[in-house]
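Hydrogens, waters and symmetry mates play no part in the numbers below; they use all other heavy atoms, side chains included.
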Amino acid sequence: MATMPTPQTATRVASGGRLVFGKPEKAKGGRLLVRSCDNGGRGGNGRRVTVEAVNGAVKLNGAAVVADVRQVPAPPPPSSVDGGGDVRLGKFVEGRLLYRQQFVIRSYEIGPDRTATMETIMNLLQETALNHVMCSGLAGDGFGATRQMSLRKLIWVVTRINIQVDKYSRWGDVVEIDTWVASSGKNGMRRDWIIRDRSTKNMIARATSNWVMMNRETRRLSKIPEEVRQEVLPFYLDRSIIAADADAGGRKIEKLTDSTAEHIRSGLAPRWSDMDVNQHVNNVKYIGWILESVPLDVLEDYHLTSITLDYRRECRQSQLLESLTSMTTTSSPATSRCSADLHSTHLIRQQDDGAEIVRARAEWRCKEHRRAMKQP
């Protein structure tokens, strides 16, 4: 029969936690009894269990388990629950050329109208892209950088992204995102995404983006080294989800000025949490600053259905920013609000010297319930 460990013995389980025994007490028949073990593993997961060990016979929360307290199994790690593998990651399809991942829309990812925000969509696109690199086996020590890029102190930076949304998901919906990469000119890479509603399999959004390389120390753009090109070449898929003419043919976005902007919001300050591991403001954060200068009635009555962002320079935490917006409508001035779509042009610039950081162009469609309310 297995013997009882001494009160001072801390028995480690498979998950890295400890069973910390309470003070022994006498039970009937002279048996030795220990109660109330604490699974206080490294980092403290906060779970308490009640273990009764009577002369080697063990009960966990009242249920008989193994004969020796030193063999009490730890609960399976979250990554292997239900045999699902690592829950952070998705899977490859089409011969490892396309990466697919699913996400649940959380309560903190929706806006006042209970649908996912454009920032949520961009965050999910970014997460899928990074996990694509991780699952491919190419990941180095950078933020989505390959091993050869890390050796050369290179990082990816986005120069342009276009997102088109047909339907915004709601809290609790599950979305399925596909992503893949292709070449873009001599020294660029294009990444595309498709977002589907998992229950209907209908496509609800799509996006395309262009990326170039930058030296993380000099902050200067770099050509793609041949070693890096050979790393990523096996993953290239020559497929476009948004045709060039669907994004105004890549037309240059108009630059707003104090005289052409209808709305200006000053004093926007990047926070520490806005920075990413590449030591600049994360590209998703600009969406929030763009919306700071959009009129409130537009945000309440319209969905942002398409946005194109041209990233023109990095932004650091020490810089104060200004957001500029100009709105136009597709109909005559006499047309009632919400009977026509809107177009907008945006600029994020440094407040002190006016240096451009991001230009953007967007399209807006009236929310259905708002349109119904405003019809005669």
Side-chain angles (χ1 to χ4, degrees), residues 111-113 115-119 121-122 158-168 204-210 242-268 283-313 321-351 354-376:
D113 59 358
T115 61
T117 65
M118 182 62 77
E119 289 173 285
I121 292 175
M122 290 191 68
V158 61
T159 60
R160 185 181 179 94
I161 186 168
N162 172 236
I163 304 172
Q164 299 178 9
V165 181
D166 298 322
K167 177 186 176 184
Y168 282 90
I204 58 176
R206 63 192 69 80
T208 187
S209 59
N210 291 97
I242 297 179
D245 56 358
D247 181 27
R251 175 171 52 86
K252 184 178 180 180
I253 299 175
E254 172 192 355
K255 178 184 177 180
L256 289 181
T257 64
D258 290 342
S259 60
T260 59
E262 299 171 346
H263 311 277
I264 300 178
R265 176 73 182 273
S266 302
L268 302 174
N283 66 81
V284 177
K285 300 298 180 179
Y286 296 103
I287 291 289
W289 291 327
I290 285 172
L291 298 182
E292 284 291 325
S293 59
V294 173
L296 180 59
D297 59 345
V298 173
L299 299 177
E300 290 177 339
D301 293 350
Y302 287 81
H303 275 309
L304 179 56
T305 58
S306 175
I307 188 166
T308 300
L309 298 99
D310 277 345
Y311 298 89
R312 309 182 78 81
R313 61 166 36 84
L321 307 177
E322 286 184 318
S323 175
L324 289 72
T325 289
S326 177
M327 307 291 305
T328 59
T329 181
T330 58
S331 62
S332 65
T335 305
S336 62
R337 194 62 177 266
C338 252
S339 62
D341 295 340
L342 300 179
H343 295 264
S344 59
T345 304
H346 309 271
L347 175 68
I348 301 295
R349 68 185 183 188
Q350 293 178 186
Q351 186 168 308
E356 295 181 80
I357 298 177
V358 175
R359 292 186 189 184
R361 177 175 55 238
E363 297 177 8
W364 306 76
R365 184 180 64 243
C366 187
K367 298 175 182 177
E368 289 302 321
H369 69 284
R370 292 285 183 174
R371 190 188 303 274
M373 290 170 57
K374 298 196 177 188
Q375 284 181 345

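- When all heavy atoms of L268 and E322 are compared, the pair lying nearest together is CD1-C, 4.5 Å.
- Rounding to the nearest 0.5 Å gives a distance of 10.5 Å between CZ of R361 and CG of L309.
- With rounding to the nearest 0.5 Å, the separation of CD1 in I163 from CD1 in I121 is 7.0 Å.
- Distance check, rounded to the nearest 0.5 Å: CD of E292 to CD1 of I348 gives 9.0 Å.
- In this structure, the side-chain hydrogen bond (donor to acceptor under 3.5 Å, both in side chains) partners of S293, at least two apart in sequence or on a different chain, are S323, T325.
- With sequence neighbours excluded, the residues forming a salt bridge (charged side-chain N to carboxylate O under 4.0 Å, His left out) with K285 are D274, listed by chain and number.
- Take S259 and apply the side-chain hydrogen bond (donor to acceptor under 3.5 Å, both in side chains) test, not counting sequence neighbours, and it matches T257.
- Distance check: I161 CD1 to T308 OG1 gives 9.5 Å after rounding to the nearest 0.5 Å.
- Qualifying side-chain hydrogen bond (donor to acceptor under 3.5 Å, both in side chains) partners for T345, counting only residues two or more places apart in sequence or in other chains: none.
- Qualifying side-chain contact (heavy atoms from CB on, under 4.5 Å) partners for A362, counting only residues two or more places apart in sequence or in other chains: L304, I307, S344, H346, W364.
- Salt-bridge check for D310 with K255: failed, with every basic side-chain N at 4.0 Å or more from each acidic carboxylate O.
- Expressed to the nearest 0.5 Å, how far CE of M327 lies from CD of E262 amounts to 8.0 Å.
- For R313, there are no side-chain hydrogen bond (donor to acceptor under 3.5 Å, both in side chains) partners two or more places apart in sequence or in a different chain.
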